[in-house]
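Inspection log for the structure reproduced underneath, given as structure tokens.
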Amino acid sequence: MSSIQFILNRPINLPQSSPANLYRPSRYRVSCCVNVDMVKVKAAPQERNEVSKEVMDAEGKVLVGTYARAPLVVASGSGCKLYDLDGREYLDFSSGIAVNALGHGDPDWVRAVTHQANVLTHVSNMYYTIPQVELAKRLVDSSFADRVFFSNSGTEANEAAIKFARKFQRFSRPYEKEPVTEFVSFTNSFHGRTMGALALTSKEYEVRKEVMEAEGKVLVGTYARAPLVVASGSGCKLYDLDGREYLDFSSGIAVNALGHGDPDWVRAVTHQANVLTHVSNMYYTIPQVELAKRLVDSSFADRVFFSNSGTEANEAAIKFARKFQRFSRPDEKEPVTEFVSFTNSFHGRTMGALALTSKEYYRSPFEPVMPGVTFLEYGNIRVATDMIQRGNFAAVFVEPVQGEGGIYSATKEFLQSLRTACDDAGTLLVFDEVQCGLGRTGYLWAYEAYGVVPDIMTLAKPLAGGLPIGAVLVTERVAATVKSGDHGSTFAGGPLVCSAAIAVLDKISKPGFLASVSKKGQHFKELLMQKLGGNSHVREVRGQGLIIGIELDVSASPLVDACRSSGLIILTAGKGNIVRLVPPLIISEQELDRAAEILHECLPVLDASNSN
């Protein structure tokens, strides 16, 4: 292919109003090279900025080496241009791997993000929200589609498509003995890096009523939402369209650790939205490296890999464990690929993480999922030790505190026995702290309460305060087996979400903050036992810190509905008979007292429900 090239080497005057001026001088020299299929603007030769060297060196020490990044630290962006730490200007023809369609710092986009960050960031899909329905309506109106399902990334979207296709075939052919489960893909295709999408890749009021009705028409019906349209949030409270106030003890399913609209979090998001949002992992960015350094410094880990969610983090852990075993046992004919998981476990809904999830209800409509998973009784030391030591497993996945499964806490003896058995067998130990990590138990990391250190730990929910993020923390022993190209993500670890996560981590990791979580959790647990313990339907109150479960002898759904009517939002867990309480970690004792009072006042609904 013929190409046209020219060199430009002249001073450029930069507008002082540009947010990028925070990082660059107002005049410098650039050279420009233009090809038919690519445009680059690059700086005239000079010494690389010392800060750039520091960032690149730090990245090589604290992040898992899955990306072969260009030697460029991107500091800011404006329109179609990026700027490095020296203020050198680049025409961005990558758009963060085809993401930034409106360029960098689009004013309307920044205004929308700033406004919504101040109003409501995250409540999970347990409730209705207007922006989600409005976006779905626009997608339906502008396309062939009738309904929409939202995910956090392209690979998650393709995972959902796999599951929907299998469920469609089961529904459409109910009398066939063998369900139709196979797929066609094509050469040179790329559909994602999680286990299902990877298999397809050829390379190795009236308003309230209107919102609810519209949701039923344009969104895929995967969520059994409560009849509540959440309009805004502040601190530990949510507000519906009528302005009615609710104490939020769900935290968007254990996500909003700092509550809604935390001022420091909003400032971090707003600032970064104006500076640089996304460039992909083709380049170096300071917020990603800074977040990784904080995670490494505050944990057992030597390196970090970022993803977009908890399920993606567990998918990465699956791949890292298999790669580790291939690297560690190069002479074995049959690679070690199987896993151990436990009863009541939940690790995610993509095809690999789903295979590690014990509840058959989640798995059966989409089988076959990833084979080779053995489920053992959670807490049974003898059975687990025997199976791990005589088996041939790549890794053992375990939640130190099971959230979705029913707020069950492991004993120190159980986790220690897993550590010993894994060491003896050459098996990796993976702690899933997606829900119980980052201050929820009163410790920064749940494993700290047990004195047992894993080889891999997965994080997600609270890390970015409501923006989608996941992280895999690994030891150097594991990271050394993972090479450039082994895994990756377009969106993961972007500057916007990492800046938000730094604001969250910096607050939660303070000793005084963690001590307050422990104190408030103990106060709340004792209060619940005092107020609810005498009720015939209450079997147990359990948990650590501010992840607390109330086990009932009947379904918890009537109590959840009654509490919501009384201004308290709570969740269920387990088999639906456990009340899950995961309030923001900033909750006050007065708000805890009010929640306990509402629970006490609503308990009689269980008698009426049981008699019916």
Side-chain angles (χ1 to χ4, degrees), residues 8 12-34 38-44 48-49 51-52 54-56 59 63 67 69-117 153 266-292 306 308 464 467-469 488-503:
L8 169 67
I12 302 292
N13 288 310
L14 300 173
Q16 295 299 318
S17 59
S18 170
N21 277 309
L22 178 64
Y23 297 101
R24 67 182 193 271
S26 60
R27 292 173 63 85
Y28 58 94
R29 304 185 72 82
V30 299
S31 63
C32 177
C33 173
V34 181
M38 182 185 297
V39 177
K40 299 177 183 177
V41 180
K42 58 185 180 180
R48 182 176 293 150
N49 185 300
V51 179
S52 294
E54 289 178 15
V55 172
M56 292 176 169
E59 187 272 353
L63 284 155
Y67 302 108
R69 302 182 204 262
L72 170 62
V73 180
V74 182
S76 64
S78 179
C80 297
K81 295 174 182 176
L82 293 172
Y83 301 90
D84 67 15
L85 290 170
D86 298 315
R88 282 171 276 190
E89 182 180 279
Y90 301 77
L91 264 177
D92 182 9
F93 269 49
S94 72
S95 298
I97 313 184
V99 169
N100 301 312
L102 298 181
H104 303 278
D106 176 79
D108 295 325
W109 184 89
V110 171
R111 274 193 293 271
V113 170
T114 302
H115 169 74
Q116 194 61 46
S153 63
V266 170
R267 273 193 293 272
V269 170
T270 302
H271 168 74
Q272 193 61 48
N274 276 284
V275 173
L276 184 70
T277 305
H278 172 84
V279 290
S280 84
N281 284 293
M282 300 295 290
Y283 314 103
Y284 299 82
T285 56
I286 292 174
Q288 185 182 92
V289 175
E290 283 300 314
L291 176 58
F306 289 111
N308 301 289
L467 296 181
I469 193 173
S489 169
T490 298
F491 291 102
L496 182 69
V497 71
C498 285
S499 291
I502 289 169

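When a residue number appears, it is its place in the shown sequence, counting from 1. These values consider heavy atoms only, across backbone and side chains, with no hydrogens, waters or symmetry-generated copies.
- Here the side chains of Asn281 and Phe306 are not in contact, with every heavy-atom distance at 4.5 Å or above.
- Thr277 is linked by a side chain to side chain contact (heavy atoms under 4.5 Å, CB included) to Trp109, Leu496, counting only residues two or more places apart in sequence or in another chain.
- Scored by the salt bridge (charged side-chain N to carboxylate O under 4.0 Å, His left out) test, Glu59 finds Arg69 as partners (sequence neighbours excluded).
- Residues satisfying the side chain to side chain donor-acceptor pair (under 3.5 Å) test with Tyr283, not counting sequence neighbours, are none.
- Here His115 contributes atom NE2 and Thr270 contributes atom OG1; the two are 12.0 Å apart, rounded to the nearest 0.5 Å.
- Annotation for Pro495 and Thr285: closest pair CG-CG2, 3.9 Å, computed over non-hydrogen atoms.
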### Task
Please step through side-chain contact (heavy atoms from CB on, under 4.5 Å) for the pair Ile286 and Leu85, ending with a clear verdict.
CA-CA 10 Å; Ile286 292 174; Leu85 290 170; 3.6 Å; yes
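- Summarising the geometry, atom CG belonging to Asn100 is positioned 10.5 Å from atom CG belonging to Asp106; distances are rounded to the nearest 0.5 Å.
- The stretch residues 273-290 participates, sequence neighbours left out, in these salt bridge (Lys or Arg N to Asp or Glu O under 4.0 Å) pairs: Glu290-Lys293, Glu290-Arg294.
- Tyr83 is listed as a side-chain neighbour of Ser78, based on a closest heavy-atom distance under 4.5 Å.
- Going from atom NZ of Lys81 over to atom OG of Ser76 covers 12.0 Å, rounded to the nearest 0.5 Å.
- To the nearest 0.5 Å, the span separating CZ on Arg88 from CG on Leu82 amounts to 13.5 Å.
- Between His104 and Val279, the closest heavy-atom pair is CE1-CG1, 4.1 Å.
- The nearest pair of heavy atoms linking Ala117 to Val266 is O-CG2, 3.6 Å.
- Applying the side chain to side chain donor-acceptor pair (under 3.5 Å) criterion to Ser94, with sequence neighbours excluded, gives Asp92.
- To the nearest 0.5 Å, atom CG of residue Leu63 and atom OH of residue Tyr284 are 10.0 Å apart.
- With rounding to the nearest 0.5 angstrom, the CD1 atom of Ile469 is 4.5 Å from the SG atom of Cys498.
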### Message
Test side-chain contact (heavy atoms from CB on, under 4.5 Å) on Gln272 and Val275; report intermediate values, then the result.
### Response
CA-CA 5 Å; Gln272 193 61 48; Val275 173; 4.2 Å; yes
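- Residues satisfying the ring pair (Phe, Tyr, Trp, His ring centres under 6.0 Å) criterion with Phe491, sequence neighbours excluded, are His278.
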### Task
I would like to know whether Val73 and Asp84 meet side-chain contact (heavy atoms from CB on, under 4.5 Å); could you show each step before the answer?
CA-CA 6 Å; Val73 180; Asp84 67 15; 5.7 Å; no
